[in-house]
Amino acid sequence: MTLEDLKSKLKGAGYVADDALCVALDLSLRLERPLLLEGEAGVGKTDIAKALATALDTKLIRLQCYEGLDANSAIYEWNYQRQLLAIKAHEKSDLDADAIEQHIFSQDYLLMRPLLESISQEQPPVLLVDEIDRADMEFEAYLLEILSEFQITVPEIGTIEATSIPRVILTSNSTRDLSDALRRRCLYTYVDFPDLAKELAILQTRQPGIEAAVGRQIVGFVQELRKEELEKVPGIAETLDWAAALMALDIKSLDEDLERTQATLICLLKTEADLKSVTPEVTSRLAGKAA
Amino acid sequence: MIAAKSVSDWPIAERMSGFVRHLRLNGFPLGPVETGNALRIIADAESFDATYAQLGLKTALCGQRDEWERFDGLFEAYWHGRGKEKSRPPQMLGKSADGATHTGLWEEHLSPGGKPKDAVAEHAEMPPGEGSEEASRAIASGRLIATPRDILRKTDLRRIVNPDEVAEAEAIALRLARAIRFNLSRRYQANWHGRKLDLRRTIRRSLSRGGEPIDLSRRRRIVRPVRIVVFLDVSGSMKEYSRYYLQFVRGLVGQWVEAEAFLFHTRLIKVSDAMRERDPMQAMMRLSLITEGFGGGTKIGESLRVFNDRHAKSVLNSRAVAVIMSDGYDTGAPGVIGRELKRLRKKARRIVWLNPLLGWKTYEPVARAMVEAMPHIDCFARATTLEDLARLEPQLAKL
């Protein structure tokens, strides 16, 4: 698949990607190496994985990381209830203990969690390890092992080899420094907020019904707003939300309908301090710049 | 796909390993594996254009945001010979365009005898203009300081040159650091040597003795290490002091995991790893490479803003003490320092500002930046002599 193909397929999946990102995805597919995406919250890191899965027409398997995430919920677990039932059911039969043990520790009783699931697919899936910086260091080390070997050892069964190698995408909000080992294992891309043209393209892809003039104004406003001193900078999702809100309220021009525009700012600003700092005067100044 | 081995006899291979070396000198953690990967990308990219190659290498060789942002400049410099090439002819070292002699930024701060000039082959050069003015002003006005030379502990820090004195300085730094490094949690923890009785456990254990509390359980408060985040101003005006302060920071960061160090000038740079380097020469080299490209002037507010935006989330917690070591001469826009300190104050537990100039007889914190900063600071103290720093201990312990 050429670069242009990839780009247009991603666009078909509703994701507008720039060159840097396309090259990164292309390389990670070709070299079969995980891709680490870092960036502010709301720049669309998670969506990249979703779009890639759609573009490659394959399954997306997602592992959401959190503090205290352990092997049981990330890799595999035995289905204890079923095992207990099976033991009960076999009590009456004349199978010996070894045979029962063999039986209840077979693949049928294995619950696949995302990591095991992702390496046992026929067609290579996209594995999204979301917010890896939230998981603890121990898990990171474990993940590293799986990402380099693509095999998982279950003591009762043995080693499970990957049937296909998943395309791995990791995202991080950099709330914690990731280990150098993980960084070196991965290809890296820093995802920044999109520029005006790109964000406009995103808006038009996601909200096809929007009028060109209003769209320009909305994106221009958000771009200007990001330059203000805010606690939480609005992301792309917020822009899309806001555009939807403005469309629903049938606001055709930001600067002509300032009062209602001001009321809709709750879609963009998510903290009290930010809402207070963007006064109607600021709104009108920004709207003026955007127009 | 072509394996790295078969391409290693291309002429490009040599250039590429040179490029990786160039990046490594600039602080990228890269090894031979990365060189191999880079070559594979180039081998694959032949049918593509230069942009593809550049983006591909960027993806493969960068590991974090800072590197991602610097990569393009370094790429240009190496492959196109544009921008700043790092190594200069030796006679050019330390000379700025206006003819005034400037040693490499780090030499003044770090080396007692100017030796590292050979060890550190590439040096940052201070651009002419503001930086040089600032430096000369600091030296000129430095005469105001009263420096009794009889007692070491009263010596102005900038006079410290011999290793014993540096060692003494380090020891005091360590003691000071210890004073702020622990604080008590409100929570209790079962502990054999604790002072208080743990009634719940004692009663539970008494069950096996028929309800008689014979085995006593004890508990005590959890001791939690305070996280210390140091910001060290290394601008021209602080030159006289920052060499000593660096020892302080090294003592702090080297001994304790919950400490992070940042240097600032016109840019903010995280130097915790370089500071943890055992060998002082190595540390020096790393620091001089890291700080390459520093310009003149000091942007305290701007540096703090970068910290608040990028690092605060991962570095600060509710037990963090921020220690700023600066003279407060700021060349940034007004209003920024106040705002950023206010943001910092929300995330950190305490802010300590150590100012060397406070030791000067006639000094009042009237510099605009200092006036702006004052309302947000919990402890504003002078740190001109070792004695000053030693005297800080009880104050910091109270924080």
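Here is how names work: the chains are called A, B, and so on, in the same order as the sequence lines, proteins then strands, and each is numbered from 1. Only heavy atoms go into these numbers, but all of them, side chains included; no hydrogens, no water, no symmetry mates.
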Report task. For A/Lys232, look at atom NZ and say whether over 12 heavy atoms of other residues, nucleotides or ligands are found less than 6.0 Å away. Result -> no
Query raised in the report: How about B/Leu61 and A/Tyr188: do any of their side-chain heavy atoms sit closer than 4.5 Å?
Result: no
Query - Side-chain heavy-atom pair A/Leu27, B/Ile41 within 4.5 angstrom cut-off - result: yes
Query raised in the report: Atom OG in B/Ser314, atom CG in A/Asn173: separation rounded to 0.5 Å?
Result: 11.5 Å
Query raised in the report: Roughly how far, to the nearest 0.5 Å, is the OG atom of A/Ser172 from the CD atom of B/Gln64?
Result: 10.5 Å
Query raised in the report: Could you go step by step and tell me if A/Asp26 and B/Tyr52 meet the side chain to side chain donor-acceptor pair (under 3.5 Å) rule?
Result: CA-CA 10 Å; A/Asp26 182 52; B/Tyr52 181 90; 2.7 Å; yes
Query raised in the report: Near A/Arg285 CZ, under 6.0 Å, is it more than 12 heavy atoms from other residues, nucleotides or ligands?
Result: yes
Report summary line: CG of A/Leu187 to NZ of B/Lys58, rounded to nearest 0.5 Å, is 14.0 Å
**Report entry** Contact check, side chains of A/Arg33 and B/Thr59, non-hydrogen atoms, under 4.5 Å
**Finding:** no
Query raised in the report: Tell me, do B/Thr51 and A/Val23 make a side-chain contact under 4.5 Å, heavy atoms counted?
Result: no
Query raised in the report: Which bit of A/Leu35 is near chain B, if near means a heavy-atom gap under 4.5 Å: side chain, backbone, both or neither?
Result: side chain
Query - Lys/Arg N to Asp/Glu carboxylate O, B/Lys346 vs A/Glu231, below 4.0 Å - result: yes
**Report entry** Atom NZ of B/Lys313: over 12 foreign heavy atoms under 6.0 Å
**Finding:** yes
**Report entry** Proximal component of B/Glu34, with respect to chain A [non-hydrogen, under 4.5 Å]
**Finding:** side chain
Query raised in the report: Just wondering, are more than 12 heavy atoms of other shown residues or ligands nearer than 6.0 Å to CZ in A/Arg62?
Result: yes
Query raised in the report: So, are B/Lys270 and A/Asp177 salt-bridged, with charged N and O less than 4.0 Å apart?
Result: yes
Query raised in the report: What's the spacing between A/Glu40 CD and B/Asp309 CG if we round to 0.5 Å?
Result: 7.5 Å
Requested in this report: Evaluate the side-chain proximity of B/Arg40 to A/Arg30: yes if any heavy-atom separation is below 4.5 Å, no if none is.
Outcome: no
Report task. Using non-hydrogen atoms and a 4.5 Å limit, figure out which bit of A/Asp19 sits close to chain B: side chain, backbone, both or neither. Result -> both
Report summary line: Okay, A/Ser174 and chain B: the region with an atom under 4.5 Å from a heavy atom over there is backbone
